[in-house]
2 protein chains.
Amino acid sequence: MIDRAAKLDAEDPLAERRDLFAIADDVAYLDGNSLGPLPKATRARLGEVVDKEWGEDLIASWNTADWIHLPQRIGAKIAPLIGARPYEVIAADSVSVNIFKLVSAALAMRPGRKVVLSEPGNFPTDLYMIQGLESQDLAEQRLAERGEIEAALDEDVAVLLLTHVHYKTGEMFDMAALTKAAHDAGALVLWDLSHSTGAVPVDLNGAGADFAVGCGYKYLNGGPGAPAFAYVAERHHEALRQPLSGWMGHAQPFAFTDDYAPAPGVDRLLCGTAPILSMSAMEEGVDLMAAIGIAPLVEKSRSLSEFTRAAMERHVPELECVSPENPARRGSQLSWRHEHAYELCQALIARKITGDFRAPDVLRVGFAPAYVRYADCARLVSELRDILDTGEWQKPEYAERGAVT
Amino acid sequence: MIDRAAKLDAEDPLAERRDLFAIADDVAYLDGNSLGPLPKATRARLGEVVDKEWGEDLIASWNTADWIHLPQRIGAKIAPLIGARPYEVIAADSVSVNIFKLVSAALAMRPGRKVVLSEPGNFPTDLYMIQGLESQDLAEQRLAERGEIEAALDEDVAVLLLTHVHYKTGEMFDMAALTKAAHDAGALVLWDLSHSTGAVPVDLNGAGADFAVGCGYKYLNGGPGAPAFAYVAERHHEALRQPLSGWMGHAQPFAFTDDYAPAPGVDRLLCGTAPILSMSAMEEGVDLMAAIGIAPLVEKSRSLSEFTRAAMERHVPELECVSPENPARRGSQLSWRHEHAYELCQALIARKITGDFRAPDVLRVGFAPAYVRYADCARLVSELRDILDTGEWQKPEYAERGAVT
């Protein structure tokens, strides 16, 4: 396994990209699906933004450094990674806030329909945002198990909200098929691409998707809590109305008029002033991924996860894999169930192998193709074997939990 | 005027605080009410957050650097500047998004009432957010001129939304009196403190205010587009429900349950993941202001603006002051109307005196007491006199407008 990993690393066309990140050589970072690591270029960029743009040029930077168009610029760079046109994507707020905007917009486009359909066990914030609209009596949440979604699409469903790659199991929905099913039932579709963007093939235009949101701080390496992005298919631009109609989404934000008039296109998804420091960092992360392009990222992602799945099956068979066996049906991650998944995860972290735990019993690792090495995957497997064999996971300190687990 | 300014600067107990900011000595920065300058400590802090917390410690920093509690920590530090208890304030999202949350919450607390009362000419985003709720048929906007607000408070008004200090004229509302009037009419009050916090006296608890929001990037020096903050009076904590019910506002965000349950207190105002880089910068800005304390800030603010108002009246009488003459009735800013306010503003900037223009004809300057010198104010007046006398403002380049004006 170790030899095979070394051979694959030697042949990896993306191998040198790891140098673009500030990751110590002895760290196997398999948690880029939770928080992408620091691109070295981001350091220099933030220095420039802080010292020059904010520190010296101050408010002039809204024009001279074009802060005002950061949301559009970042969106346009994300677009090719998700099969969208540049003017269909914009960076703004958080995934949660963007879900609220787009579910609201979809509901307004389907008068007489109130149901937002999703699946139980979807990433919690997606469901919580539906419930927020439910508390306003604007929506009605309906949940259907993965296999029963098509059957649950009826004439009451205004919008289908699904996370393309499941955060816990890595299961990937067939975007084109479900989009078609929703459209056949007269519903719109909002795809949450948080666990997809930059690691798996996504073709929003090709699938005929209506709306999408995604995360800036996972595979896009935008920094902790980086802004999110939102996609609206061009055919909906004209009709789109969303209730978080803040001044930055106004047709003329600096005319300071009393009446809201939406800006053209996706610009109307903007609400308040963008957090420029976090946005600037995000642009560097996105630039790095855009420069590689999605095809080699997808290819390496699948190869890494297949290598790991097979090695785990052979060497650590007592962990039950809960991710689909077919790499075309899963995202860039693998998850295994184990009663002591939390402790195993902590023991791995102590050995500088970073995966994460998802309640109640899942050990999850992500394969961010821009910097993960096959050697990292081999190490995960061999160290996990050792942690189980030696019983090291039983150390009391591995059971201690922080505020964030 | 110049001599008097020098004397006042020599006696200024806050004079040395200017050294805490990265502002060039030859710049008169009178636009801290638009974007506060860079505190030197923020540079070091961001270096630490980027290199160590994100770069080395990665996801562990949610616990080890306590990223997860940045919103509460910053809120608690802002509290004494606005007469609130530490657990009544939280940093989150933007002013616009927080207005949406709190107007929604207020509407839910006043069933049967739908009117959100404000004034025409309020900061646009405040009105636009009401209009967003109106588009969902959840609210009805009513606007009343400043002198007619009390008369417009009837049994249909759910919430009165006012900006404490007017962004354009600097006029300051009597918070206690209007809060009482609203309560007498059975309405709740949401104060927008964007142009108040850190420069004028605010006593939310003393005034019996229900809700407030405020800006992180003006007098708090939190950085371009810094997160905003929100206040909820303790007596409303139990009943508070807001529709942007994202996972970070959940009672147990990492339990990953399907059903939303609000976190205790103001924590339930959180929605998505906070932008940690921008939040960290904000904390430094807030720390700097909290260390000075509100009383000396208010005292110097009034003294600076009085000095400037009197000097302008004497030396540049052709500019019509649109701010109240009584310093107790205005915020930490002064505005003058002039047909060529835009060009005058650009000519001043060319002489390193930064104020700003607000459409259609207002020249506005802010007196951020932590770093503005009396000498800066004297320079504004004498250079403006010169720009008018020489006709320099007529240079064609001063008429050119950027995306942000």
Among [options], residue most engaged with chain B (heavy-atom pairs, under 4.5 Å):
options                              : value
A:Met282, A:Glu134, A:Arg43          : A:Arg43
A:Ile59, A:Asn122, A:Ile130          : A:Ile59
A:Leu127, A:Asp31, A:Asp51, A:Thr354 : A:Asp51
A:Pro224, A:Gly272, A:Gly402         : A:Pro224
A:Ala359, A:Gly55, A:Pro39, A:Ala22  : A:Gly55
A:Leu35, A:Asn63, A:Ile276           : A:Asn63

Under a 4.5 Å heavy-atom cutoff, which of [options] has the most pairs with chain A?
options                                : result
B:Asn98, B:Leu143, B:Asp259, B:Thr64   : B:Asp259
B:Ala226, B:Gly121, B:Gly216, B:Cys215 : B:Gly121
B:Val50, B:Asp137, B:Asp258            : B:Asp258
B:Ser104, B:Pro120, B:Ala24            : B:Pro120

Which atom pair, heavy atoms only, marks the closest approach of [X] to [Y]?
X        : Y        : value
B:Tyr128 : A:Thr257 : OH-O, 2.6 Å
B:Leu138 : A:Gln136 : CD1-NE2, 3.2 Å
A:Ala281 : B:Leu277 : CB-CD1, 3.5 Å
A:Ala403 : B:Ile68  : CB-CG2, 3.9 Å
A:Tyr260 : B:Gln131 : N-OE1, 2.7 Å
A:Cys271 : B:Ser96  : SG-CB, 3.6 Å

Contact origin within [X] toward chain B - heavy atom pairs under 4.5 Å:
X        : value
A:Ser118 : neither
A:Pro37  : both
A:Val95  : neither

Centre-to-centre under 6.0 Å for B:Phe100 and A:Phe100, is that the case here? yes
Which bit of [X] comes within less than 4.5 Å of chain A, counting heavy atoms only: side chain, backbone, both or neither?
X        : answer
B:Pro227 : neither
B:Ser61  : neither
B:Phe21  : neither
B:Asn221 : backbone
B:Leu46  : side chain
B:Ser278 : both
B:Leu58  : both
B:Asp93  : side chain

For this session: Measure the spacing between CG of B:Leu133 and OG of A:Ser245 and express it to the nearest 0.5 Å.
Result: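 Here the interatomic distance stands at 8.0 Å.
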* How many angstroms lie between CZ in A:Phe256 and OH in B:Tyr167, if you round to the nearest 0.5 Å? ->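 Atom-to-atom, A:Phe256:CZ and B:Tyr167:OH are 5.5 Å apart.
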Side chain [X], main chain [Y], donor-acceptor under 3.5 Å:
X        : Y        : answer
A:Ser135 : B:Pro243 : no
A:Trp54  : B:Gly36  : yes
A:Thr125 : B:Trp247 : yes

**OP:** Report yes if some heavy atom in the side chain of B:Leu244 is under 4.5 Å from a heavy atom in the side chain of A:Leu244; otherwise report no.
**Re:** yes
